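Notes for the one structure printed next.
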Amino acid sequence: MSKSFLFGPGGSEITVRGTAPRYEVARDGRCESVEARSLPDGRISLLFADGRQVSGRARRRGGEEVEISTPSGRRRLVVTDPLRARLSSIREHAAAGGPEMEEVRALMPGRVVDVSVAAGDSVEAGGLLLVLEAMKMQNELRATHGGVVLQCAIAAGQTVDAGALLLTIQ
Amino acid sequence: MSKSFLFGPGGSEITVRGTAPRYEVARDGRCESVEARSLPDGRISLLFADGRQVSGRARRRGGEEVEISTPSGRRRLVVTDPLRARLSSIREHAAAGGPEMEEVRALMPGRVVDVSVAAGDSVEAGGLLLVLEAMKMQNELRATHGGVVLQCAIAAGQTVDAGALLLTIQ
Amino acid sequence: MRLLVANRGEIAVRIFRACRDLGIETVAVFSDADRAAPHVAMADYAVRLGPAPARESYLSIDRLLEAARTTSANLIHPGYGFLAESAPFARACREGGFLFVGPSPEVIESMGAKTVSRQRMTEAGVPVVPGMLSPAASAAEIGEFARRAGYPILLKASAGGGGKGMRRVDGEAELAAAFERASAEAQMYFGDGAVYAEKLVENPRHIEVQIVGDRRGGAVALGERECSLQRRHQKVVEECPSPVVTPEIRSRLSDAALAAARAVGYDSCGTVEFLLAPDSTFYFLEMNTRLQVEHPVTEAVWGVDLAAEMIRVALGDSLSEEVRRAEARGHAIECRIYAEDPARGFAPSPGTITALRQPSGPGVRADMGVEAGSVVPLDYDPMLGKLIVHGKDRAQAIARLGRALLEFEILGVDTTLPLFRWLLGESDFVSARFDVQWLDRRLEGGAVLERSGSSADEVVLAAVALASEAAGESGSRPDASHRSAWRQAGKIEGLRGS
Amino acid sequence: MRLLVANRGEIAVRIFRACRDLGIETVAVFSDADRAAPHVAMADYAVRLGPAPARESYLSIDRLLEAARTTSANLIHPGYGFLAESAPFARACREGGFLFVGPSPEVIESMGAKTVSRQRMTEAGVPVVPGMLSPAASAAEIGEFARRAGYPILLKASAGGGGKGMRRVDGEAELAAAFERASAEAQMYFGDGAVYAEKLVENPRHIEVQIVGDRRGGAVALGERECSLQRRHQKVVEECPSPVVTPEIRSRLSDAALAAARAVGYDSCGTVEFLLAPDSTFYFLEMNTRLQVEHPVTEAVWGVDLAAEMIRVALGDSLSEEVRRAEARGHAIECRIYAEDPARGFAPSPGTITALRQPSGPGVRADMGVEAGSVVPLDYDPMLGKLIVHGKDRAQAIARLGRALLEFEILGVDTTLPLFRWLLGESDFVSARFDVQWLDRRLEGGAVLERSGSSADEVVLAAVALASEAAGESGSRPDASHRSAWRQAGKIEGLRGS
């Protein structure tokens with residue numbers, strides 16, 4: 001098994017090769033050997049040649065995204081496989097310029113308390129779009145930039161799941 | 001779903017009927033209603049009509065045997081389904097008299113340190129059969145009654161699992 | 001003896017533990033969202049109140065009293081939040097023939113109305129923030145007040161609230177113009193131009209004193225708690241004792257708190273909150289007529305069981321010997337663990353807790369209202385529980401907090417645990433240099449997000465990622481609430497509620 | 001600073017927690033049975049020692065020192081058990097350039113040899129059980145000793161051990177015949193008829209005093225622990241303080257323990273064990289030159305961190321202020337949780353822990369060496385961890401123990417938790433009427449097995465069974481180690497090891 005990992009767009013790039021429990025980790029041409037063992041709670045315990053031990057956990061977040069938690073904190077990284085192709089595609093994507101069409105999605109499940117706009121309305125950056133209530137908190141969703149509301153997928157009173165499309169703004 | 005439960009050979013007998021989450025529990029002709037809900041940790045929370053709440057856990061032990069743990073303690077019971085047939089068969093079995101052939105099995109995984117008998121040997125009640133070492137403790141297995149060793153399934157130095165046959169005594 | 005807790009979550013669990021220690025039977029109530037919650041599974045009796053929304057369940061006085069009648073409960077404990085400081089609830093309990101575990105409805109009422117409580121505290125000699133008792137007719141009248149109280153002062157709309165129409169004045173030169181503008185704003189916002197002035201306490205700390213009174217006239221103060229670490233006026237981390245309160249200030253604070261308690265005949269566990277100014281003067285803020293979220297830090301340091309004591313005095317017992325003779329030992333810190341994501345502006349993160357690894361060992365206590373598999377519902381305050389550490393002094397408490405946070409793991413929902421890990425690296429926290437605005441100021445710059453994970457070795461991360469995938473540990477179903485959260489981070493920032 | 005713990009399980013976890021509190025890096029060692037154990041996963045460094053058998057791993061001095069060299073550790077902590085009281089190991093650490101966290105090899109040696117320690121204690125004025133220093137030439141010589149020491153006495157074979165050849169004598173009338181028989185037995189068992197006499201302490205309690213000494217001559221005694229609840233000479237439940245030790249006895253015990261410590265220049269954490277007779281006389285038993293399993297009860301009551309203090313003094317620090325000025329507060333009880341089944345004669349129960357629900361809340365600490373999913377190996381002592389409760393007094397500690405035991409759940413292996421639940425219902429335990437033989441006497445009749453589950457409502461059990469089956473919760477794979485255990489109970493009793 002061999003995969004490469006990218007640390008944020010434009011970040012460093014690390015390749016890991018091997019089969020359980022022994023892996024080789026390469027960065028900038030330097031290579032380290034590590035023994036990896038699954039722990040009962042789903043974490044992975046790594047043991048390096050110098051005796052260093054770190055236990056951490058990986059959770060998939062999206063298609064190519066993995067979140068790793070270790071005692072030093074949490075970071076997200078992108079699995080790139082094969083490396084070059086993905087890398088360039090991500091860079092192209094990042095360079096493609098500002099948003100043309102923005103989908104406003106619910107960040108958490110909740111109830112739509114109020115919708116301040118309708119399809120066809122013009123909105124300014126910072127303008128109130130709607131109010132979503134979750135866990136006793138009212139969250140005001142505001143536009144990040146000016147535009148026209150193309151679609152309004154919800155109505156006041158409706159309950160929405162995390163990730164649900166609320167509005168589309170052009 | 002309907003099942004009856006027997007509390008030890010010759011113990012009382014209780015029938016439970018219904019589908020989740022509502023069940024009727026009958027004992028001695030009296031019937032109680034109970035709501036049962038699975039908890040995240042696998043326990044069952046029971047709620048009786050008078051508000052009584054008890055959370056407990058069931059674990060299967062053998063084919064017909066279930067061990068129930070509640071805050072009041074732990075007990076084993078036998079699922080009898082259909083009731084009458086099982087009940088009588090168990091009673092017959094219990095009445096069938098003393099042991100004719102005894103299988104001596106390992107109560108815990110361990111290492112056989114010493115075997116004091118061989119096939120064909122006569123043993124007296126209380127006579128040492130073998131020594132099993134587990135978790136730093138030496139356990140001397142002794143005969144419960146006199147007899148002849150029919151079979152000796154293990155040798156000193158061997159590692160055995162829990163439940164493994166060690167000796168057969170007639 | 002049977003006690004019903006009209007609450008849910010960790011405080012219901014906490015009170016049930018006290019009941020078990022006292023040999024009192026327990027009655028849980030639950031909404032449809034909480035049938036499988038830990039507080040229900042540990043109770044001797046449990047009664048469904050209604051659907052998830054609080055007004056149809058935990059806030060329904062009728063249903064709560066009905067549940068108490070059904071289960072023949074003798075006592076009703078309100079916990080905190082919900083109906084904990086509702087005089088009508090306390091009165092309904094009394095009239096229904098139940099013992100309410102808390103002060104009388106009259107005491108709750110007298111401390112609930114700010115103006116009444118301010119008046120009674122002034123009469124009892126408890127210092128309150130100096131302020132005018134009626135609207136000012138002119139800038140000159142305010143000037144007169146300011147000369148007595150000292151600048152800076154704060155102009156407030158008499159009809160106002162929520163910070164609108166408030167205006168700071170640093171000296172006499174600014175006064176006339178400020179008065180004009182404040183009055184105009186008050187007219188605009190509230191349709192009433194009346195304005196009055198209060199002394200402005202700058203860079204205050206929030207310090208509160210724990211009191212316990214019985215129904216035989218006994219009352220003691222059990223030291224203070226430091227509650228200045230707040231986010232948007234919500235306490236986040238609490239300590240006992242306050243690192244800046246000297247024995248002399250403590251003695252004055254305790255005297256003031258006891259005077260406040262005696263003035264209203266306080267006969268339960270309660271808290272007197274003060275603002276402490278940098279010059280060590282302090283002012284009465286309000287009195288909380290309930291068991292506080294942060295009571296465990298006082299329990300750890302003073303060696304008492306406040307939840308049990310509150311029940312004892314409600315039953316008519318005198319204050320126990322160990323409460324009367326309690327002495328402080330060491331230092332304790334509490335962290336409130338919320339299902340909120342500090343990296344996304346503390347957005348609530350409801351969902352299912354897929355795994356929960358609690359810390360343990362010397363000086364560590366975790367009071368949790370959830371367990372692995374629990375669903376964190378949308379409908380209530382998102383507090384999951386509390387981590388309390390105790391050590392011989394503040395340095396050891398902080399060290400143990402760091403150790404406990406290394407061991408603590410909650411999966412499935414985002415929590416405020418990373419906030420506390422970040423806090424341990426803040427020199428202002430370690431040296432106790434903070435006031436009530438400090439945390440909000442530090443969070444403005446997205447500080448928590450920045451530090452998170454920055455020290456992690458990337459070789460380690462990559463190796464964990466691959467080994468985890470090889471072992472099938474990383475999970476095949478991505479968590480919906482986090483889908484592509486990294487790339488969306490920019491967008492999320494822009495959408496965050498104000 | 002980097003510390004290697006030459007141990008496993010809960011004591012390795014405990015010492016690593018102390019290290020984290022002190023800011024010291026940690027090195028775990030492990031056998032092949034422990035690669036995934038909690039103590040390894042929490043360490044900064046980890047080194048494989050060898051295969052599972054202890055002599056090839058945790059008892060291998062060479063491999064331990066090699067691990068310390070590989071990871072550049074400065075300190076080596078032996079924990080308890082394994083090499084904790086091995087003078088050769090302490091010496092090898094010193095000679096290898098490592099700081100051994102414990103007393104010097106010379107001290108370990110002097111306290112390890114029973115006759116030497118008895119001699120030194122007598123010289124230091126510490127009371128030892130009165131006994132003859134050389135074999136008796138005749139019954140008359142023993143009679144002379146008995147007249148000084150008082151009856152009953154115990155005749156012992158000089159060459160003996162393990163209880164063989166011991167004979168109780170209650171009065172002078174029995175002496176001549178007893179001497180004949182004891183001498184004959186000694187000849188038979190050991191090929192040497194030499195016999196001597198010791199005073200017999202009847203119905204003794206096991207009381208031990210915690211001492212801490214530094215390398216600058218400082219030493220303090222931190223009260224006593226009550227360790228009389230033993231099964232086959234193994235401590236099962238420990239308390240601090242002892243419910244029968246008065247301030248006057250405590251003061252004499254502390255003086256004796258400090259005299260013992262000073263006599264050997266003791267410079268670490270250690271324990272002086274005594275037999276306490278019903279008439280309040282006490283006798284030196286032995287000195288344990290290590291951190292005891294039961295140290296947390298002293299930590300809870302005295303508000304100190306013994307594990308951290310032991311490391312501090314090993315580094316050459318003086319005793320800390322809080323240890324010097326420590327005062328007792330309340331009462332603590334510890335239960336040792338073993339993977340043994342009390343219903344089957346405490347048969348070891350190795351296997352995989354399928355679920356672990358730990359108790360929490362005020363006054364509760366669980367120091368565990370395992371977690372859910374951990375495999376309990378065959379190769380080592382089957383202790384899983386310890387439950388420690390602390391309360392304002394013994395009654396509250398017992399109440400909290402009951403509460404914690406209700407919350408505690410370990411699945412997959414049998415444990416001694418039911419033993420402690422049973423103990424709470426024993427009036428002799430509640431009223432502290434027990435001596436070192438009490439538990440063995442009570443267990444002889446199968447007492448624990450009898451009470452278990454007898455109070456459970458059968459309607460509840462049946463309903464749980466069906467609802468669980470309907471929900472698919474009861475598990476399709478029966479646990480191998482328990483197959484048909486109910487019907488085999490009779491057979492099992494007959495097979496139990498002696």
Side-chain angles (χ1 to χ4, degrees), chain B residues 1 3 5 7-8 12 14-16 19-21 23 25 27 32 34 36 38 41-44 46 54 56-63 65-77 79 102 104 107-111 132 134-145 161-163, chain D residues 54 339-340 343-344 347-351 355 357 376-382 406 409 411 418 421 451-471 473-488 490-498:
Chain B
M1 200 167 188
K3 292 224 169 168
F5 298 89
F7 285 81
S12 61
I14 293 175
T15 304
V16 189
T19 48
Y23 298 93
V25 193
R27 174 170 55 179
E32 252 186 295
V34 63
S38 292
D41 63 4
R43 285 180 302 160
I44 300 289
L46 300 181
V54 186
R57 186 187 298 281
R59 280 175 293 171
R60 286 179 56 182
R61 289 311 209 180
E65 226 172 41
V66 184
E67 185 184 85
I68 312 292
S69 327
T70 69
S72 310
R74 226 190 264 183
R75 269 182 76 178
R76 301 228 166 115
L77 44 98
V79 185
E102 186 183 30
V104 180
L107 295 175
M108 65 206 94
R111 290 192 193 87
L132 188 67
M135 299 171 105
K136 296 170 65 180
M137 253 180 63
Q138 295 218 342
N139 298 272
E140 299 180 357
L141 273 64
R142 293 174 181 279
T144 47
H145 50 84
D161 286 336
Chain D
E340 292 177 342
R344 293 192 298 153
S349 177
R357 212 156 47 95
V376 182
L378 267 171
D379 307 87
Y380 317 110
D381 180 85
L406 272 177
E409 199 177 24
L411 299 179
R421 296 191 184 107
R451 176 122 31 93
S452 174
S454 60
S455 68
D457 180 346
E458 294 179 347
V459 164
V460 164
L461 301 179
V464 167
L466 188 78
S468 193
E469 199 177 325
E473 294 282 17
S474 49
S476 53
R477 205 168 52 91
D479 186 343
S481 68
H482 293 91
R483 199 169 289 136
S484 264
W486 181 30
R487 250 173 293 171
Q488 285 192 356
K491 190 183 292 183
I492 286 160
E493 282 298 311
L495 295 179
R496 194 187 304 154
S498 60

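Here the structure is a predicted model, which is why all the values come from computation and not from measurement. In what follows, every chain begins at residue 1, and chains take the letters A, B, ... in the order their sequences are listed.
- Of the atoms belonging to D:A355, not a single heavy atom falls under 4.5 Å from chain B.
- Between B:L46 and D:V460, the shortest heavy-atom distance links the atoms CD1-O, 3.6 Å.
- By number of non-hydrogen pairs under 4.5 angstrom with chain D, the leading residue of B:V34, B:V25, B:V54 is B:V25.
- Taking CG of D:L466 as the start and CD1 of B:I44 as the end, the distance is 9.5 Å to the nearest 0.5 Å.
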Query - Candidate pair D:L411 and B:R59, rule side-chain contact (heavy atoms from CB on, under 4.5 Å), full reasoning - result: CA-CA 10 Å; D:L411 299 179; B:R59 280 175 293 171; 3.5 Å; yes
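- Between B:S38 and D:A471, the shortest heavy-atom distance links the atoms OG-CB, 3.2 Å.
- Atoms CZ and CZ, from B:R74 and D:R421 in turn, are 7.5 Å apart once rounded to the nearest 0.5 Å.
- Between D:A462 and B:I14, the shortest heavy-atom distance links the atoms CB-CG2, 3.6 Å.
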Query raised in the report: Which is it for D:E458 and B:I68 under the side-chain contact (heavy atoms from CB on, under 4.5 Å) test, yes or no, and what are the steps along the way?
Result: CA-CA 10 Å; D:E458 294 179 347; B:I68 312 292; over 6 Å; no
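- For B:R57, the parts lying under 4.5 angstrom from a heavy atom of chain D are both the backbone and the side chain.
- Residue D:L406 comes nearest to B:P71 through the heavy atom pair CD2-CB, 3.5 Å, listed as atom of the first residue, atom of the second, then distance.
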